[in-house]
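Only one structure is covered here, and it is reproduced in the block below.
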Amino acid sequence: MDALSQLFYLHGIGYEYTKYTGEHVIFSEDTRKSALHCCGVDTRDTAQITQLNYQLDAATWLTLAPAVSIIDQASNVLKVRVNEADTHHKITLTVAALNIKLQFEHIAQYAALGEYFVNGCRYIEIALPLTHLPTGYYDALLTMGEQSAKTQIWSTPEQAYQIADKKRFGLSIQLYTLKNKAGLGIGDFSDLLELATLCAKQNMDYILLNPLHLLFADNPESASPYNPNNRALLNPLYIAINLSPDSFNNPDLTKLLSANTSSKYSDQGVAFIDYKTVTECKYAAFKLLFKHFQQQGSQARQNEFSAFCKQYSDVLALLETTEPTFEYYLQWQAHSQLTQCQQHCIDQGMAIGLINDLAVGCANEGTEFKYQQGLFSQDATLGAPPDPWAPNGQNWGLPAINPQRLADNNYQFYRSLIRANMDAVGGLRIDHVMAIRRLWWCFINNNTQDGCYVYYPFEHLLAILKIESHLNQAIVIGEDLGVVPPEVKEALVDSGIFSNSLFYFEKQQNDEFVNSDDLSDQCLLMIANHDVPPFVGWWQHSDLKIKQQYGLIDTDEYQQLVQQREQEQHRLLRFLNPQNTSFSLNTDAFDVYSALAVCLAKSPSRLFALQLDDLDKQHYPVNIPGTDKEYPNWRRVLTHTCDDIFKDNAALLAAIHSIRNA
């Protein structure tokens, strides 16, 4: 292997992949060089290449242990690397936090797991048996003769946090779409509290949320929860004014709210959020909440706020503001209300409660990128290779993290990110979970768009998910739609991490839908999500009409897509009617949806979720992938209140509960 090829491998630059068609693609050397260049490597500098290869390979054998040592609790062994000439020494391991001090003698008798020759010396890797360590991260010191090394031991459970093995039923929502009872134009935590009560009465176990990440108050129309300002912070727009103690006996606030009406506007009978008006109104109210807190907040609440600021100082420091105390206050209020919602779910008997959603990346104009630029690559963004839904591939415009920099400070960035998103919830869905293994990078090569896969430290990122899930008692769901390497799917199953399936995409090789009995049990099964049309709209081709209306497709493309859709509908009818009876293309859309929901409820999938948009019989999608300004993505609200939706669907929800608990 030549030096450049070695660096490609050590730096995680992909060599090949298999397309959705089964076609085998090998990346050109020029493409791979461009990816390395985005990591700050000059591929013309042979000295730099040689030095990097040494650091990433040979040098790792010259210290007793790496900066991070993953200890699998199933085996409880610590791997160390020693010069064979020094095996007459004993090894001492000290873990001060656990009051552990172990000594290992007769090192030469340990079997070598691997070997490496450096400067004529043979180095071997051996496994030292440990006693059981509680789940977590522990600083440790290794000594052997005159040599010593610090390592952080990650005591990693075999699987992520689990709940009792039974079929669970829940709801998926976009929080901002809920009809806001306060009339402020956007769903908030108060609406979520009421929804949780309704879900609990229907014996549901969880509510899957959209990402609640911080967006851009100074650019409110940048509304995508999957293109956030900062993923470790919360969006203050979800704060419910009426839930804050600082709204009580606050005449200035009462006057302000009485002067404001709902900020929603209508477009052809469909309500969309006016984010500019909503933000202006709610931030004016936030200012009055904060003023009241400063002037009249009790000492107990002042102490609570101070404790919050101290506990979350690292992530609060990422806020870019001229009014830090005010912004810290908003994060405190948002976090407190999210915690209140989760506790309410548990108090109402829900087994999981809220499931948060973690976006795959952050916006390049946000504080997550701005204050941690050293973690990111240069001029590479995230996307996806060509597939049936995007024949030219996708470029999401999210800055790509350099996999070599993720290890900085013992992976502190990723650990903090996961911890922040598991805080105060019962589960975490990870959007595009194959990001822990590989991501498609988009970059310019010779003045044209190019791309390839870049690989990430899979073992370490997976260990963090398992550790943090136990520390936070949160289940983990990995959204694994699209082209996902087999080793990722296998690792998710082995690690007790739920996959996430959409019925639309569950196909056999002949393009017929998979039999419901053959669906995975370790899975969150959904009919639809935010990236596909709501069912009624799908059945009635509303999404295709919308695309034509907004000029996204022409008349010929529309007719072609209608034919393809009708083929899909016939496949669905065959799925529902093995004897080819009862339903037809003229059957009411919601009757078909109800039958499909009942059928899928019988599947072995341990988690099954209905989308609130579907129960609301929505025609308009909340998002049309690949669009930004053309269609008002992330703005459409529900037509009915949650109370009315649950009343209208009481029989269906009761039937599904009965099936899931049979």
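Nothing fancy with the numbering, it's 1 onward along the sequence. Computed over heavy atoms, backbone and side chain alike; hydrogens, waters and symmetry mates excluded.
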Q) Measuring from L192:CG to L354:CG, what's the distance to the nearest 0.5 Å? A) 5.5 Å

(Q) Go through it in stages, so that I can follow the logic: the residues are Y550 and I624, the test is side-chain contact (heavy atoms from CB on, under 4.5 Å), and I'd like the CA-CA distance, side-chain angles, deciding distance and then a yes or no. (A) CA-CA 11 Å; Y550 281 90; I624 299 179; 5.8 Å; no

Q. Are any non-hydrogen side-chain atoms of D614 and V536 less than 4.5 angstrom apart?
A. no

Q: Mind listing the closest non-hydrogen atom pair of I241 and F286 along with its distance?
A: CD1-CE2, 3.6 Å

Q. Is there a side-chain contact between K291 and N250, using heavy atoms and a 4.5 Å cut-off?
A. no

Q. Under 4.5 Å between any side-chain heavy atoms of L439 and H432, yes or no?
A. yes

(Q) Can you tell me which residue among D643, D191, D188 is in a salt bridge (charged side-chain N to carboxylate O under 4.0 Å, His left out) with K181? (A) D643

Q.
Can a donor-acceptor pair be found, under 3.5 Å and without considering hydrogens, that links the side chain of R660 to the backbone of A601?
A. yes

Q | Over all atoms of both residues, closest heavy-atom pair of Q337 and A240 | A | OE1-N, 2.7 Å

Q. Looking only at heavy atoms, what is the nearest atom pair of E365 and S222, with distance?
A. OE2-OG, 4.5 Å

Q) Does one side chain, of N633 or T627, offer a donor that lies under 3.5 Å from an acceptor on the other? A) yes

Q. Which of these passes side chain to side chain contact (heavy atoms under 4.5 Å, CB included) with L316: Q311, Q331, E327?
A. Q331

Q) Sub-3.5 Å donor-acceptor pair from the side chain of R231 to the main-chain atoms of E368, do we have one? A) no

Q. Is W634 close to P225 at the side-chain level, that is, under 4.5 Å between some pair of heavy atoms?
A. yes

Q. Between R565 and D543, is a salt bridge (Lys or Arg N to Asp or Glu O under 4.0 Å) present by the stated rule, with each step listed?
A. CA-CA 11 Å; R565 178 64 54 80; D543 59 309; 2.9 Å; yes

(Q) Are the side chains of N500 and V433 in contact, using a 4.5 Å heavy-atom criterion? (A) no

Q) Should the heavy atoms of other residues, nucleotides or ligands under 6.0 Å from NZ of K167 be counted, would the total exceed 12? A) yes

Q) Are T639 and K617 close enough that some pair of their side-chain heavy atoms sits under 4.5 Å apart? A) no

Q. What heavy-atom pair brings L652 and A597 nearest, and what distance separates the two atoms?
A. CD1-CB, 4.5 Å

Q) Name the one of N421, N229, N230 that satisfies side chain to side chain contact (heavy atoms under 4.5 Å, CB included) with H213? A) N421

**Q.** H541 and Q569: side chain donor to acceptor below 3.5 Å
**A.** yes

Q.
If we ignore hydrogens and angles and just use 3.5 Å, is the side chain of Q611 paired with the main-chain N or O of S172 as donor and acceptor?
A. no

Q) Are the side chain of N661 and the backbone N or O of H657 linked by a donor-acceptor pair below 3.5 Å? A) yes

Q. Does L607 offer a backbone N or O that forms a donor-acceptor pair with the side chain of R168 under 3.5 Å?
A. no

Q) Would a 4.5 Å heavy-atom cut-off, applied to side chains only, mark Q372 and L318 as touching? A) yes

Q. Does R635 pair with E221 as a salt bridge, N-O distance under 4.0 Å?
A. yes

Q: Please answer whether the main-chain N or O of T587 pairs with a side-chain N or O of W539 as donor and acceptor at a distance below 3.5 Å.
A: yes

Q: Would you confirm whether N235, through its side chain, and L237, through its main-chain N or O, come within 3.5 Å as a donor-acceptor pair?
A: yes

Q | Modelled atom types, side-chain donor and acceptor of D423 and N472, under 3.5 Å | A | no

Q.
In terms of relative ring orientation, are F326 and Y283 parallel, tilted or perpendicular, with 30° and 60° separating the classes?
A. perpendicular

Q) Angle class for the W332/F305 ring planes (parallel below 30°, perpendicular above 60°, tilted otherwise)? A) tilted

Q.
As an exercise, state the distance from CG of L212 to CG of L358, rounded to the nearest 0.5 Å.
A. 11.0 Å

Q) Between the side chain of S469 and the main-chain N/O of Y161, is any donor-acceptor distance below 3.5 Å? A) yes

**Q.** Approximate separation, where rounding is to 0.5 Å, of I173 CD1 and C199 SG
**A.** 8.0 Å

Q. Can you name the closest pair of heavy atoms from D205 and A351 and give their distance?
A. OD1-N, 3.1 Å

Q) Are K276 and D274 ion-paired here, with the side-chain N under 4.0 Å from a carboxylate O? A) no

Q: Give the C-alpha distance, both sets of side-chain angles, the deciding distance and a yes or no for side-chain contact (heavy atoms from CB on, under 4.5 Å) between I418 and I467.
A: CA-CA 10 Å; I418 297 300; I467 292 171; over 6 Å; no

Q: State, to 0.1 Å, how close Q618 and V637 come at their nearest heavy-atom pair, and which atoms those are.
A: NE2-O, 3.8 Å

Q: Give a yes or no on whether a salt bridge exists between D246 and R301, defined as a side-chain N under 4.0 angstrom from a carboxylate O.
A: yes

Q. Would D613 and R636 satisfy salt bridge (Lys or Arg N to Asp or Glu O under 4.0 Å), going step by step from the backbone distance to the final call?
A. CA-CA 10 Å; D613 285 11; R636 195 264 295 129; 2.7 Å; yes

Q) Is T177 reaching over with its side chain to a backbone N or O of G187, donor-acceptor style, under 3.5 angstrom? A) no

Q. Yes or no on side-chain contact (heavy atoms from CB on, under 4.5 Å) for Q299 and Q302, after CA distance, side-chain angles and deciding distance?
A. CA-CA 5 Å; Q299 188 60 52; Q302 297 283 350; 4.1 Å; yes

Q) From I464 CD1 over to R415 CZ, what is the distance, rounded to the nearest 0.5 angstrom? A) 6.5 Å

Q) In a check of side chain to side chain contact (heavy atoms under 4.5 Å, CB included) between S542 and each of Q549, H619, K547, which one passes? A) H619

Q.
A side-chain contact here means heavy atoms from C-beta on lying under 4.5 Å apart; do P621 and Y631 qualify?
A. yes

Q) Looking at SG of C345 and CD1 of I207, how far apart are the two atoms once the value is rounded to the nearest 0.5 Å? A) 4.5 Å

Q: Please work out whether the ring planes of F369 and F376 are parallel, tilted or perpendicular, with thresholds of 30° and 60°.
A: perpendicular

(Q) Could you measure the distance from the CD1 atom of I186 to the CD1 atom of I239? Nearest 0.5 Å is fine. (A) 11.5 Å

Q. Among Y312, Y328, Y329, whose ring pair (Phe, Tyr, Trp, His ring centres under 6.0 Å) with H335 holds?
A. Y312

Q.
Determine whether Y226 and W396 satisfy the following criterion, ring pair (Phe, Tyr, Trp, His ring centres under 6.0 Å), listing intermediate values before the conclusion.
A. CA-CA 10 Å; Y226 292 94; W396 305 328; over 10 Å; no

Q. Is the backbone of I527 close enough, under 3.5 Å, to the side chain of Y593 for a donor and an acceptor to pair up by distance?
A. no

Q) Run the side-chain contact (heavy atoms from CB on, under 4.5 Å) check on Y620 and F272 step by step: do they pass? A) CA-CA 10 Å; Y620 277 65; F272 292 91; 4.1 Å; yes

